[in-house]
Amino acid sequence: EAQVTQNPRYLITVTGKKLTVTCSQNMNHEYMSWYRQDPGLGLRQIYYSMNVEVTDKGDVPEGYKVSRKEKRNFPLILESPSPNQTSLYFCASSLGGTGSSTEAFFGQGTRLTVV
Amino acid sequence: SQQGEEDPQALSIQEGENATMNCSYKTSINNLQWYRQNSGRGLVHLILIRSNEREKHSGRLRVTLDTSKKSSSLLITASRAADTASYFCASRMDSSYKLIFGSGTRLLVRP
């Protein structure tokens with residue numbers, strides 16, 4: 001089954017404790033991205049990757065890091081989480097190509113709380 | 001902000017009625033997509049309309065696109081309680097991989 005898998009689904013952590021949210025897709029997609037969703041602000045892109053070893057900042061990259069060492073995996077790293085990073089996070093993947101007429105596939109989300 | 005706007009923010013209808021949601025975007029696009037999100041879960045792709053298309057149907061869904069007004073609408077006919085969800089439009093520009101999401105419409109279908 002074609003899918004994007006995020007882990008964990010729920011995470012409560014303390015300020016400053018490094019964490020990683022994993023994302024894996026089994027569709028051989030070139031393009032992967034991370035979004036955060038906050039009430040009243042919709043989905044905002046954090047980082048994206050156009051292929052292995054190619055990543056770039058989205059609209060709200062501060063406080064986040066990513067890596068793309070393999071095509072299928074795109075982990076999101078919070079080196080020193082802060083309470084304003086409490087949010088619902090989504091990983092998404094799609095076939096590559098600028099202006100591509102293809103859909104994005106989303107993971108089930110990771111609800112992160114930083115206390 | 002690059003984000004699009006959706007209207008209305010919330011919509012409550014009776015089962016069997018039609019639901020119409022509108023989306024506006026800011027730049028010229030290659031395509032516009034609609035997604036559905038059940039509470040707190042991942043987004044699911046519903047339908048995609050290309051910039052050279054004006055209308056598209058999929059089951060009970062009808063999407064229109066007006067590139068001169070930079071707007072799109074999603075019509076769900078004969079709504080069901082299971083259609084209760086948030087609906088988002090997402091536009092993709094010609095020269096970009098990026099999807100720009102609207103703010104979403106929360107649809108409640110009352111049984």
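So you know, we letter chains A, B, ... as the sequences are listed, proteins then strands, and number each from 1.
Proximity to chain B (any heavy atom under 4.5 Å) is shown, for A:Y48, by neither the backbone nor the side chain. With a threshold of 4.5 angstrom between heavy atoms, A:Q37 approaches chain B through side-chain atoms but not through N, CA, C or O.
Atom OH of B:Y35 is separated from atom CD of A:E103 by 6.5 Å, given to the nearest 0.5 angstrom. B:R92 CZ to A:S94 OG: the interatomic distance, rounded to the nearest 0.5 Å, is 4.5 Å.
A:L11 and A:Y35 fall into different hydrophobic clusters, where Ile, Leu, Val, Met, Phe, Trp and Tyr are joined by side-chain heavy atoms under 4.5 Å apart, directly or via other members. The hydrophobic cluster containing A:L43 does not contain A:Y89, counting ILVMFWY residues as joined when their side-chain heavy atoms lie under 4.5 angstrom apart, directly or transitively. At a threshold of 4.5 Å between side-chain heavy atoms, the hydrophobic network of Ile, Leu, Val, Met, Phe, Trp and Tyr places B:L43 and A:V4 in two separate groups. Clustering ILVMFWY residues whenever any of their side-chain heavy atoms sit less than 4.5 angstrom apart, transitively, puts B:I29 in the very cluster that holds B:I49. Tracing side-chain contacts under 4.5 Å through hydrophobic residues (I, L, V, M, F, W, Y), one never reaches A:F74 starting from A:M50; they form parts of separate clusters.
Residue with the most contacts toward chain A among B:I47, B:L99, B:V44: B:L99 (heavy-atom pairs, distance under 4.5 Å).
More than 12 heavy atoms of other residues, nucleotides or ligands lie within 6.0 Å of CZ in B:R60, so this atom counts as buried by the packing criterion. B:E53 CD: more than 12 foreign heavy atoms inside a 6.0 Å radius.
Of all the heavy atoms in A:F90 and B:Q37, the pair that sits closest is CZ-NE2, 3.3 Å.
Grouped with A:I77 in a hydrophobic cluster is no other residue, since no side-chain heavy-atom contact under 4.5 Å to another Ile, Leu, Val, Met, Phe, Trp or Tyr is found.
Residues of residues 104-115 of chain A lying under 4.5 angstrom from chain B, judged on non-hydrogen atoms, are A:A104, A:F106, A:G107, A:Q108, A:R111 by number.
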